[in-house]
Amino acid sequence: MAVMEYIEALRLAMREELERDENVFVLGEDVGLKGGVFTTTKGLQQQFGEQRVMDTPLSESAIAGVAIGAAMYGMKPIAEMQYSDFMFPATNQIISEAAKIRYRSNNDWSCPVVIRAPIGGGIFGGLYHSQCPESVFFGTPGLKIVAPFTPYDAKGLLKAAVRDPDPVLFFENKKCYTLITGDVPDTDYTVEIGKANVLREGDDITVISYSLPLHFALEAAEELQEEEGISAHILDLRTLQPLDKEAILEAVRRTGKVMIVHEDNKTGGIGAEVAAIIAEELLYELDAPIMRVCGPDVPAMPINPPGEKFFMLNKTKVKDAMRQLAIY
């Protein structure tokens with residue numbers, strides 16, 4: 001067991017899978033000698049060579065297309081999109097091809113591809129380096145969508161994604177790369193895709209989230225417990241598709257008050273589907289309206305610091321909302 005950063009856990013997962021299976025390979029812009037724009041693949045090309053950790057042209061549609069074609073012929077590609085904002089030119093390949101290959105071939109073909117992409121703001125990246133596009137792909141049958149928060153889950157879920165026979169979108173919040181640390185076992189392990197995880201048990205309110213906002217929720221929960229005696233139950237979705245419906249309902253039943261938090265825009269985000277599940281199944285067990293704390297519905301994150309601060313979630317915003325829900 002070692003304490004490591006989120007980014008180190010991801011790198012270790014890729015290294016172990018490259019060592020385990022010769023059909024696994026990594027492709028993307030600058031993933032080779034440079035080791036990726038965030039150094040996620042640092043050192044992998046030096047260890048495994050250019051044929052298994054390969055730089056590609058500046059073309060996301062080509063990255064996705066090559067990865068999908070290779071996957072159909074038995075390879076296990078890990079395709080990196082330098083920023084998730086740049087995935088949109090590849091939506092046709094991902095949504096219309098990868099997601100439908102098993103269905104359209106009557107189960108004769110599969111597409112074991114992993115597409116990794118960093119999401120989220122906080123780096124003054126502005127319009128094209130700060131988006132959270134998970135809702136664009138959410139609701140597409142045939143795709144699995146993963147968004148881990150802890151280093152343990154980052155490694156275990158990435159290894160599970162590589163071994164999955166179907167396409168997995170793997171979203172990593174770029175602020176988590178060095179901010180979030182935790183214990184990661186030295187042994188080979190996977191984390192099951194489709195299972196949520198309780199990060200904190202509580203009795204007064206339930207917070208459901210994924211990725212970076214969980215950091216703010218956990219900090220806020222500790223302060224509220226100490227200062228005001230408010231006990232927060234926090235559920236990490238981990239997997240956005242498929243959602244762990246039973247875990248969501250169990251977490252809501254625990255308190256009867258629920259808040260859903262994500263950095264993506266509020267309208268049409270993952271939280272809307274989570275809220276719909278709760279309303280359909282547990283409406284009469286709620287003690288307060290379902291609350292959503294999300295990014296504002298503006299076209300893009302501003303590049304200037306005050307504008308980005310207004311857009312981004314933080315501990316104070318989450319804490320204020322949690323207090324409001326508790327006293328409802």
Side-chain angles (χ1 to χ4, degrees), residues 6 119-120 132 134 145-154 156-157 171-173 175-176 179-183 191-240 242-264 266 269-275 277-278 281-282 285-295 312-328:
Y6 185 98
I119 62 173
C132 291
E134 54 266 29
I145 305 175
V146 176
F149 168 63
T150 67
Y152 178 91
D153 288 345
L157 283 166
F171 289 119
E172 311 153 5
N173 194 295
K175 291 289 287 183
C176 288
L179 175 66
I180 308 302
T181 60
D183 291 332
V191 173
E192 184 179 354
I193 294 174
K195 293 294 183 181
N197 183 42
V198 175
L199 295 181
R200 188 181 193 278
E201 293 190 348
D203 300 311
D204 295 323
I205 62 173
T206 293
V207 178
I208 300 174
S209 186
Y210 60 91
S211 198
L212 178 66
L214 286 161
H215 176 67
F216 307 132
L218 288 167
E219 287 187 326
E222 291 299 321
E223 293 185 6
L224 286 170
Q225 180 78 57
E226 182 178 342
E227 297 166 3
E228 304 176 42
I230 296 172
S231 175
H233 189 79
I234 300 179
L235 181 69
D236 177 5
L237 292 174
R238 295 201 291 197
T239 299
L240 308 183
L243 286 167
D244 189 345
K245 181 178 176 179
E246 293 307 314
I248 292 169
L249 297 178
E250 182 180 347
V252 175
R253 287 191 188 98
R254 174 129 185 182
T255 69
K257 295 181 177 181
V258 60
M259 185 173 89
I260 304 160
V261 188
H262 58 66
E263 189 177 326
D264 192 11
K266 181 177 183 179
I270 308 297
E273 180 64 23
V274 175
I277 290 171
I278 296 167
E281 301 284 343
L282 296 178
E285 296 186 40
L286 294 175
D287 295 322
I290 299 169
M291 179 182 289
R292 284 182 289 164
V293 179
C294 310
M312 289 285 293
L313 296 176
N314 57 43
K315 182 188 68 176
T316 300
K317 292 178 182 178
V318 175
K319 182 179 177 180
D320 288 346
M322 291 169 67
R323 181 188 296 111
Q324 179 184 346
L325 179 62
I327 63 178
Y328 180 88

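The shown structure was predicted, so the numbers you read here are calculated from the model rather than taken from an experiment.
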Query raised in the report: Any chance the side chains of Tyr210 and Glu134 put a donor and an acceptor closer than 3.5 Å?
Result: yes

Report summary line: Distance col, row Ile119:CD1 vs Leu212:CG, nearest 0.5 angstrom, shows 8.5 Å

**Report entry** From CA spacing to verdict: side-chain contact (heavy atoms from CB on, under 4.5 Å), Tyr6, Cys176
**Finding:** CA-CA 6 Å; Tyr6 185 98; Cys176 288; 3.9 Å; yes

Report task. Look at Glu281 together with Lys245 and state whether they make a salt bridge at an N to O cut-off of under 4.0 Å. Result -> yes

Query raised in the report: So among Ile205, Ile290, Thr206, which one has a side chain to side chain contact (heavy atoms under 4.5 Å, CB included) with Lys257?
Result: Ile205

Report task. Only counting residues at least two apart or in another chain, list the ones meeting salt bridge (Lys or Arg N to Asp or Glu O under 4.0 Å) with Asp287. Result -> none

Query - Over 12 non-hydrogen atoms of neighbours within 6.0 angstrom of NZ in Lys175 - result: no

Report task. Could you pull out the closest heavy-atom pair between Ala247 and Leu235, with the gap in Å? Result -> O-CD2, 3.7 Å

Query raised in the report: Step by step, would you call Glu227 with Glu222 a side-chain contact (heavy atoms from CB on, under 4.5 Å)?
Result: CA-CA 9 Å; Glu227 297 166 3; Glu222 291 299 321; over 6 Å; no

**Report entry** side-chain contact (heavy atoms from CB on, under 4.5 Å) evaluation trace for Glu219 with Lys319
**Finding:** CA-CA 8 Å; Glu219 287 187 326; Lys319 182 179 177 180; over 6 Å; no

Query raised in the report: Counting only heavy atoms not in Glu226, do more than 12 fall under 6.0 Å of its CD?
Result: no

Query raised in the report: If you draw a 6.0 Å radius around CD in Glu228, do more than 12 non-hydrogen atoms from other residues or ligands fall strictly inside?
Result: yes

Report summary line: Contacts of Lys266 meeting salt bridge (Lys or Arg N to Asp or Glu O under 4.0 Å) (sequence neighbours excluded), chain-then-number -> none

Query raised in the report: More than 12 non-hydrogen atoms from neighbouring residues, nucleotides or ligands closer than 6.0 Å to CD on Glu223, yes or no?
Result: yes

Report task. Please assess Arg292 against His262 for the test side-chain contact (heavy atoms from CB on, under 4.5 Å), listing each intermediate value before the final yes or no. Result -> CA-CA 8 Å; Arg292 284 182 289 164; His262 58 66; 5.6 Å; no

